[in-house]
Amino acid sequence: MPYGGWYKCNTDGASKGNPGHSSIEIYVRDDACDLIHARAVEVGITTNVVAKAKAILEGLEYCVEQDLHPLILETDSLVLKKVIEGEWDPPWCLGAEVQKIKEIRNRFSMIFQHVFREGNTMADFLANMVFSFAVNLQFNNFYELPTAGRRLINKDKSQISNLRVRIAKRKAPD
């Protein structure tokens, strides 16, 4: 949960094969843990590290556009955390993304932190969900569930994103 007055952005990238079909996912919450924005999209054929970098950049760009700061940005990629913080040199394939991330990070009040995969389960779930429903239509960049017009991620009248979760009920044996 973010500190009072802060926002939290969790990001993830997934790749089926390395390189392979890849997706990114971001979701942003406020200090009441209300979901402000969620997005999961396919980004083509790339590696998992590139997909994770693209997710971080997209999450930061969204938060800057919407003036959502101070910000805590979480990723499950320790490699990218070390690269962005300057502890490691970036691989050549990440140079442009890392440079943009660093520029945004230097201009805004934010904490950039690593989180274990278990702490990033929603981002991981949505990033992998793209592969399951990649043949379905997109609605405002959100993938639709294949059931009668229901979407996994919906927007209410005020355009705030929310997740539709349905609990499966067991049927009594006949």
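Side-chain atoms are counted along with the backbone in the values below, which use heavy atoms only and exclude waters and symmetry mates.
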Give the intermediate values and the outcome of side-chain contact (heavy atoms from CB on, under 4.5 Å) for residues I101 and L60.
CA-CA 7 Å; I101 291 167; L60 283 176; 3.7 Å; yes
Which is it for I72 and M110 under the side-chain contact (heavy atoms from CB on, under 4.5 Å) test, yes or no, and what are the steps along the way?
CA-CA 6 Å; I72 301 168; M110 66 172 290; over 6 Å; no
In sequence, state the C-alpha distance, the side-chain angles, and the governing distance for D31 and W6, and then conclude on side-chain contact (heavy atoms from CB on, under 4.5 Å).
CA-CA 6 Å; D31 58 355; W6 285 64; 5.6 Å; no
Using side-chain contact (heavy atoms from CB on, under 4.5 Å), reason through F112 and L71 one step at a time and then give a plain yes or no.
CA-CA 8 Å; F112 186 76; L71 177 70; over 6 Å; no
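Closest approach of E74 to V115, counting heavy atoms only: CB-CG1, 3.9 Å. Considering all non-hydrogen atoms of both residues, R29 and C33 come closest at NH1-SG, 3.7 Å. In this structure, H69 and Y7 approach most closely via the heavy-atom pair N-CD1, 3.7 Å. G13 approaches A55 most closely through the heavy-atom pair N-CB, 4.5 Å.
Distance check, rounded to the nearest 0.5 Å: NZ of K16 to OG of S22 gives 10.0 Å. Taking CD1 of I24 as the reference point, atom CD of E42 lies at 11.0 Å (rounded to 0.5 Å). Taken from OG in S77 to CG in D12, the straight-line distance is 9.0 Å, to the nearest 0.5 Å. The distance from atom CD of E103 to atom CZ of F108, rounded to the nearest 0.5 Å, is 11.5 Å. Taken from CD in Q99 to CD1 in I104, the straight-line distance is 11.0 Å, to the nearest 0.5 Å. Between the CG atom in L94 and the NZ atom in K54 there is a gap of 9.5 Å [rounded to 0.5 Å].
The number of heavy atoms from other shown groups lying within 6.0 Å of NZ (K81) is above 12. Environment of NE2 in H21: sparse, with no more than 12 heavy atoms of neighbouring residues, nucleotides or ligands closer than 6.0 Å. Dense packing is recorded around CG of N18, with more than 12 heavy atoms of other residues, nucleotides or ligands lying under 6.0 Å away.
Side-chain atoms of L73 and I111, non-hydrogen and from C-beta on, never get closer than 4.5 Å to each other. For the pair S15 and T46, the minimum side-chain heavy-atom distance is 4.5 Å or more. Side-chain atoms of I56 and I84, non-hydrogen and from C-beta on, do get closer than 4.5 Å to each other.
Hydrophobic clustering keeps V50 apart from I45 (ILVMFWY residues linked when any side-chain heavy atoms are closer than 4.5 Å, directly or through intermediates). Linking Ile, Leu, Val, Met, Phe, Trp and Tyr whenever their side-chain heavy atoms come within less than 4.5 Å leaves L78 and V83 in two separate clusters.
N106 places a side-chain N or O within 3.5 Å of a backbone atom of K102 that can act as its donor or acceptor partner.
In this structure, H37 has its ring center under 6.0 Å from that of Y62. Taking the six-membered ring wherever Trp is involved, the centroid distance between the rings of F116 and H114 falls below 6.0 Å.
For the pair K52 and D76, the salt-bridge criterion is met [side-chain N within less than 4.0 Å of a carboxylate O].
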